[in-house]
Amino acid sequence: MATARQQEDPMADYWFNVVTHQVEEGPQSDWTKLLGPYPTREEAELALQKVQARNKAWDADED
């Protein structure tokens with residue numbers, strides 16, 4: 001079922017809030033607290049895991 005925001009804007013982006021660890025539909029918080037945008041809620045939910053994996057890969061490249 002589509003939310004009211006998606007009905008208004010079917011291309012609504014999703015953001016991951018690094019403070020609350022919640023997904024936001026459309027940026028609702030200060031940009032300094034957000035990762036994204038992501039095209040789906042599911043991708044936004046995995047944002048922190050993706051960041052951690054990238055950081056680990058970058059650290060490995062430095063060695």
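Model, not experiment: these values are computed from the prediction. FYI, the numbering just counts along the sequence from 1.
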>> Let me confirm one number: the CG-CD distance from Asn17 to Gln22, rounded to the nearest 0.5 Å.
In response: 8.0 Å
> Is it the case that one hydrophobic cluster holds both Leu46 and Tyr38, taking links as side-chain heavy atoms less than 4.5 Å apart, direct or via other members?
Replying inline: no
>> Looking at every heavy atom in both Leu34 and Ser29, which two are closest together, and how far apart are they?
In response: CD1-O, 3.5 Å
> If you round to the nearest 0.5 Å, how far is CZ of Arg41 from CD of Glu24?
Replying inline: 10.0 Å
>> Could you go through His21 and Phe16, starting from their C-alpha distance and side-chain angles, then the distance that decides it, and tell me whether this counts as side chain to side chain contact (heavy atoms under 4.5 Å, CB included)?
In response: CA-CA 7 Å; His21 289 231; Phe16 182 81; 4.0 Å; yes
>> Please report the interatomic distance OH(Tyr14) to CD(Glu45), rounded to the nearest 0.5 Å.
In response: 10.0 Å
>> Using 0.5 Å steps for rounding, measure from the CD atom of Glu43 to the CG atom of Leu35.
In response: 13.0 Å
> What's the shortest heavy-atom distance between Trp15 and Gly26, and which atoms?
Replying inline: CD1-C, 3.5 Å
